[in-house]
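The block underneath contains the structure these notes are about, expressed in structure tokens.
First listed ligand is number 1; within each ligand, the first listed atom is number 1.
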Amino acid sequence: MPEFRLNKTVLTISEGDIVQAGTEAIVNAANSALADGAGVTGAIFKAAGPELARFTTKLGGCPTGQARLTPSFQLPAPTRFIIHAVGPVYGDYDTREAVQLLSNAYRSSLELAALNGIKSVAFPAISTGIYGFPLNLATGVALRTVLTFLKDAPHAIEEVRFVLRGEQPLSMYRLELAQLLAQLPAEITGDDTIYFYDKDEPYYEFTNFAPYGFFANNTFWQTSEHYFQAQKFPKMALYEDVRQSSTPSAARHLARQNFRRQRPDWNQVRLDVMREALRLKFNDNPPLVRLLLSTGERPLVEASEDDAFWGYGPDRQGQNNLGKLLMELRDYYRATSGEPPKQLEG
Ligand code: APR
């Protein structure tokens, strides 16, 4: 399970039944009468036993966007509280109002938890079931609200857990949370990873598309992408065609179009070819070496969603081989005080 951190709070995302979240409080996706129902409510009322309904009928309901606290009755330890949060029925409001009310429901829940010294809270995806809130919109609202709360308020909450039903919400939450946290400073997320990919972002220089040319055996290569792609076709006219492609993406495109003709052992040699491409590129461009060394021990990750081999892939669990080779090169330069590495064997 991927784990994220914000200040002192750990954020987790998991699939399962909210009733079994194992947190001190669980959040109910409640209705404004605080009555028994289907979905999350049904599961919670069933597990908590009949005393819960007897208790909630005395509370006189709860307006949309707010939350109420009750004991957990027969729910197993360590769960001691239920926070009943009333999200909006999506179709009853215009989108702006619905978003505000959903955000209020999350914030009210966290305020109640903080006020009562609760250390861990589990949320379902409020309003995304019977209440019809589109999941992608609700995901952003839920995560932004929780992050804003945790970022701004000193409090006792040590863990916030999102318990979801199904694979789709799970990967949506993971992606969105990683993206939101990446925008926050490392001091509060504990993550000082350098994600490089976009042309307009810092460290684009580490991508193979960045325009840093170099010579290999007296032949000029416009980018490491050109070099890498051409090595798929040794001793063929295509090698030169790829080398002379006008842009790195044209070089890649040409190579991919001809993938049936690439050397049969490509998968075995491609890591070594990339290692050599990077060596050549950095060797001929001293400012790049200085940039690489300036990153210290920070993890380097190629933020490519469509490449789980070289980059981190669609679920951010990919191999990140480009990042790994760059870190290897960085180690080398550090050990040799910036001396370029000798040609590697193989
Ligand atoms: N654990 C975790 N998530 C669950 C569970 C469970 N046991 N059961 C359902 N879910 C998921 C659903 O897949 C959905 O994505 O929780 C999300 C919220 O679904 P609902 O429970 O339908 O909540 P909501 O859309 O807020 O509708 C609230 O439903 O039962 C009633 O009393 C409730 O009237 C209120 C309405």
Taking N or O atoms only and a 3.5 Å limit, does Leu164 qualify as a polar contact for ligand 1?
-> no
Per-atom contacts of ligand 1 with Ala43, taking only distances under 4.0 Å to non-hydrogen atoms | 7 (N)
Would you sort out whether Asn321 and Gln319 count as a side chain to side chain donor-acceptor pair (under 3.5 Å), showing the intermediate values?
-> CA-CA 5 Å; Asn321 281 304; Gln319 294 183 45; 3.0 Å; yes
Under 4.0 Å to a heavy atom of Gly16 - the qualifying atoms of ligand 1, by number = 1 (N), 2 (C)
How close do Arg161 and Ser14 get, heavy atom to heavy atom, and via which atoms?
-> NH1-OG, 3.8 Å
Looking at Ala85 and Ala67, what are the two nearest heavy atoms and their distance?
-> CA-CB, 4.0 Å
Option from Gln268, Gln262, Arg263 for which side chain to side chain donor-acceptor pair (under 3.5 Å) with Asp265 holds = Arg263
Against heavy atoms of Asp17, which atoms of ligand 1 measure under 4.0 Å?
-> 1 (N), 6 (C), 7 (N)
Assess Ser127 for proximity to ligand 1: is some non-hydrogen atom of it under 4.0 Å away?
-> yes
Donor on one side chain, acceptor on other, Thr23 and Glu159, under 3.5 Å | no
Heavy-atom protein neighbour under 4.0 angstrom from atom 33 (C) of ligand 1 | yes
Counting heavy atoms only, which of Gly42, Gly129, Gly132, Gly166 comes nearest to atom 19 (O) of ligand 1?
-> Gly129
Do any nitrogen or oxygen atoms of Ala35 come within less than 3.5 Å of a nitrogen or oxygen of ligand 1?
-> no
Atom 36 (C) of ligand 1 - nearest protein heavy atom and its distance | Tyr131 CE1, 3.4 Å
Any donor-acceptor pair under 3.5 Å from Asn320 side chain to Glu302 backbone = yes
For the residue pair Tyr239 and Trp221, is the inter-centroid distance of their aromatic rings smaller than 6.0 Å?
-> yes
Looking only at heavy atoms, which two atoms of Val242 and Ala230 are closest? And how far apart?
-> CG1-N, 3.6 Å
Going by an N to O cut-off under 4.0 Å, is there a salt bridge joining Glu51 and Arg54?
-> no
Number the atoms of ligand 1 from 1 as they appear, then name those within less than 4.0 Å of a heavy atom of Ala125, with their elements.
-> 17 (C), 18 (C)
If you look at every heavy atom in Val19 and Ile26, which pair is closest and at what distance?
-> CA-CD1, 4.2 Å
Between Asp36 and ligand 1, does any nitrogen or oxygen pair lie at a separation below 3.5 Å?
-> no
Starting from atom 11 (C) of ligand 1, which protein heavy atom do you reach first, and at what distance in Å?
-> Arg165 CG, 4.0 Å
Give the minimum heavy-atom separation between Leu238 and Arg261, together with the two atoms involved.
-> CD1-NH1, 3.5 Å
Relative to ligand 1, is Ala29 under 4.0 angstrom through side chain, backbone, both or neither, heavy atoms considered?
-> both
Numbered atoms of ligand 1 (with element) below 4.0 Å of Gly39, judged on heavy atoms = 8 (N), 21 (O)
Top protein contact for atom 14 (C) of ligand 1, by heavy-atom distance | Thr128 OG1, 3.4 Å
Where ligand 1 meets Ala38 - atom numbers and elements under 4.0 angstrom, heavy-atom basis | 30 (O), 31 (C)
Look at atom 5 (C) of ligand 1 and find which of Val163, Val40, Ile44 reaches it with the closest heavy atom.
-> Val40
Give the minimum heavy-atom separation between Phe73 and Ala48, together with the two atoms involved.
-> CB-O, 3.3 Å
Provide the number and element of each atom of ligand 1 under 4.0 Å from a heavy atom of Gly37.
-> 30 (O)
What residue and heavy atom of the protein are closest to atom 22 (O) of ligand 1, and at what distance?
-> Ile130 N, 2.8 Å
